[in-house]
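Input: a single structure, listed below in structure tokens.
In what follows, every heavy atom counts, from backbone to side chain, and hydrogens, waters and symmetry copies are set aside.
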Amino acid sequence: MSFLTKALVSARWLSEALRARGSTVRVLDASWFLPKLGRDAKSEFRSRHIPGASFFDLDRCSDRSSPMDHMLPPAFAFADFGSRLGVTPGSHVVVYDRSEHGAFSSPRAWWMFRVFGHSDVSVLDGGLQAWIRDGQPVEEGKARKHEPTEFTATLNRAWVKTYQDILDNVETKEFQLVDARPAGRFRGTDPEPRDNTEPGHIPGSINIPFTTFLAPSGLFLPLDQLRAIFQQAGVDLQRPLCVTCGSAITACLAALAAHQCGHSDVSVYDGGWMEWYTRAAPELVISEGRGKHL
């Protein structure tokens with residue numbers, strides 16, 4: 001991990017970095033929306049995006065053979081994807097999204113670059129709305145094409161937890177598990193956004209909804225407040241930590257928050273609740289609602 005690269009950068013910083021002579025910054029719009037919202041992230045990119053940005057398609061940059069949503073692709077596929085976006089080993093990648101929260105899916109792209117060995121990556125704090133609020137320009141149209149680069153990727157398997165890892169941890173408790181979904185989905189009282197999946201949570205997991213880490217402005221909260229959030233939830237940032245959510249999107253926002261607090265080795269349960277509900281025995285689906293019935 002390069003500690004010279006800030007995980008979060010401001011709109012003002014990005015604007016100046018893009019104008020700098022010899023800039024190595026590559027800006028990627030990693031917007032993604034839950035299908036039931038009916039929003040088309042790629043279409044919205046074409047209507048308005050940061051000048052020079054390319055669209056990072058989280059659904060396409062995934063393991064297309066998996067029945068689960070946007071699971072990590074093989075390393076060679078991620079390398080090819082990054083190459084076609086014009087990313088080089090020397091690029092400083094800055095990702096953002098257009099969520100009204102300020103951040104939603106862009107931390108997933110941030111984590112993906114890091115887990116595949118490219119540590120020179122940052123998230124635009126506050127996302128597109130912060131960029132516009134700062135008076136920065138936007139453009140419309142398709143992304144500019146880039147010549148393929150010599151981009152490589154190597155997966156850090158220690159940062160990826162599987163279903164079996166999570167199942168074993170129910171007994172061993174080797175690592176803490178934070179679930180970033182909204183409280184109602186965690187408790188089992190509010191519906192999941194995907195068909196054939198009931199709400200609830202993994203035994204022993206701790207709920208910190210991803211929005212808890214964000215200010216009303218969409219910016220990440222100051223460091224002391226982030227630390228206090230983890231502490232009040234009973235999370236020890238000196239111990240191993242894994243994060244999860246519905247399908248490992250907002251889990252990465254929690255990973256970024258922990259990273260800001262100095263915990264740079266947070267792992268992610270890539271299958272998330274979607275996989276756990278599908279595979280786990282009914283007694284391992286903890287819910288105040290319907291739960292799971294065979």
Side-chain angles (χ1 to χ4, degrees), residues 7-8 28-42 44-45 55-64 66-73 78 81 93 95-116 121-129 159-163 166 177-186 190-195 197 199 201-202 205 207-214 218 220 241-259 266-278:
L8 292 171
L28 303 177
D29 183 325
S31 298
W32 179 87
F33 303 107
L34 289 163
K36 286 192 174 182
L37 292 179
R39 294 179 64 177
D40 185 333
K42 187 175 291 186
E44 292 189 29
F45 172 86
F55 183 70
F56 187 98
D57 192 328
L58 285 167
D59 285 326
R60 287 192 63 192
C61 189
S62 65
D63 181 356
R64 308 301 290 278
S66 173
M68 304 300 159
D69 289 349
H70 38 250
M71 297 282 280
L72 281 176
F78 185 80
F81 196 82
V93 178
V95 294
Y96 73 91
D97 65 68
R98 59 191 63 237
S99 166
E100 65 277 9
H101 299 296
F104 181 76
S105 53
S106 53
R108 170 69 180 186
W110 168 82
W111 179 76
M112 289 176 73
F113 274 100
R114 294 183 68 246
V115 81
F116 281 115
V121 58
S122 307
V123 171
L124 173 59
D125 198 10
L128 183 62
Q129 65 179 11
W159 287 356
V160 185
K161 297 300 185 188
T162 65
Y163 170 79
I166 303 299
L177 183 63
V178 166
D179 189 322
R181 289 176 299 152
R185 289 169 59 189
F186 179 86
D190 290 343
E192 284 292 305
R194 293 174 176 84
D195 295 333
T197 304
H201 62 268
I202 299 167
S205 57
N207 185 216
I208 309 180
F210 75 93
T211 52
T212 307
F213 300 113
L214 302 171
F220 273 77
L241 175 63
C242 177
V243 290
T244 184
C245 63
S247 59
I249 294 290
T250 57
C252 297
L253 193 153
L256 196 159
H259 175 89
V266 180
S267 58
V268 172
Y269 175 26
D270 206 31
W273 182 250
M274 184 180 183
E275 180 180 52
W276 184 263
Y277 181 82
T278 300

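No donor-acceptor pair closer than 3.5 Å links the side chain of Ser66 to the backbone N or O of Met71. A side-chain donor-acceptor contact under 3.5 Å links Arg108 to the backbone of Ala248. No donor-acceptor pair under 3.5 Å is formed between the side chain of Arg114 and the backbone N or O of Val121. A distance-only check finds a donor-acceptor pair linking the side chain of Ser105 to the backbone of Ala30 [under 3.5 Å]. Put simply, the side chain of Thr212 never gets that close to the backbone of Ile208: no donor and acceptor are under 3.5 Å apart.
Every residue two or more places apart in sequence or in another chain that forms a ring pair (Phe, Tyr, Trp, His ring centres under 6.0 Å) with Trp32 is listed here: His70. Qualifying ring pair (Phe, Tyr, Trp, His ring centres under 6.0 Å) partners for Phe220, counting only residues two or more places apart in sequence or in other chains: none. Residues meeting the ring pair (Phe, Tyr, Trp, His ring centres under 6.0 Å) test with Phe45, sequence neighbours left out: His49, Phe55. Checked against side chain to side chain contact (heavy atoms under 4.5 Å, CB included), Ser267 has the following partners two or more places apart in sequence or in another chain: Lys161, Cys242. Taking Phe113 as the reference, Phe56, Phe78, His118 meet the ring pair (Phe, Tyr, Trp, His ring centres under 6.0 Å) condition, with sequence neighbours excluded. Annotation: side chain to side chain contact (heavy atoms under 4.5 Å, CB included) contacts of Asp40 (sequence neighbours excluded): Lys42, Ser43.
Side chains of Glu275 and Tyr269: a donor on one and an acceptor on the other come within 3.5 Å. A donor-acceptor contact under 3.5 angstrom links the side chains of Asp97 and Ser106, judged on distance only.
Closest heavy-atom contact between Ala254 and Val243: CB-CG1, 3.9 Å. In terms of heavy-atom proximity, Asp195 sits nearest to Lys36 at OD1-NZ, 3.2 Å. Across all their heavy atoms, Ala103 and Leu253 have their closest contact at O-CD1, 3.5 Å.
With Phe186 as the aromatic partner, Arg181 does not meet the cation-pi criteria of under 6.0 angstrom to the ring centre and within 45 degrees of the ring axis.
With ring centers used as reference points, His259 lies under 6.0 Å from Trp110.
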- Determine, step by step, whether Arg194 and Asp69 satisfy the salt bridge (charged side-chain N to carboxylate O under 4.0 Å, His left out) criterion, reporting the C-alpha distance in whole Å, the side-chain angles of both residues, the deciding distance to 0.1 Å, and the verdict. CA-CA 10 Å; Arg194 293 174 176 84; Asp69 289 349; 2.9 Å; yes
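Salt bridge Asp179/Arg185: absent, no basic N to carboxylate O contact under 4.0 Å.
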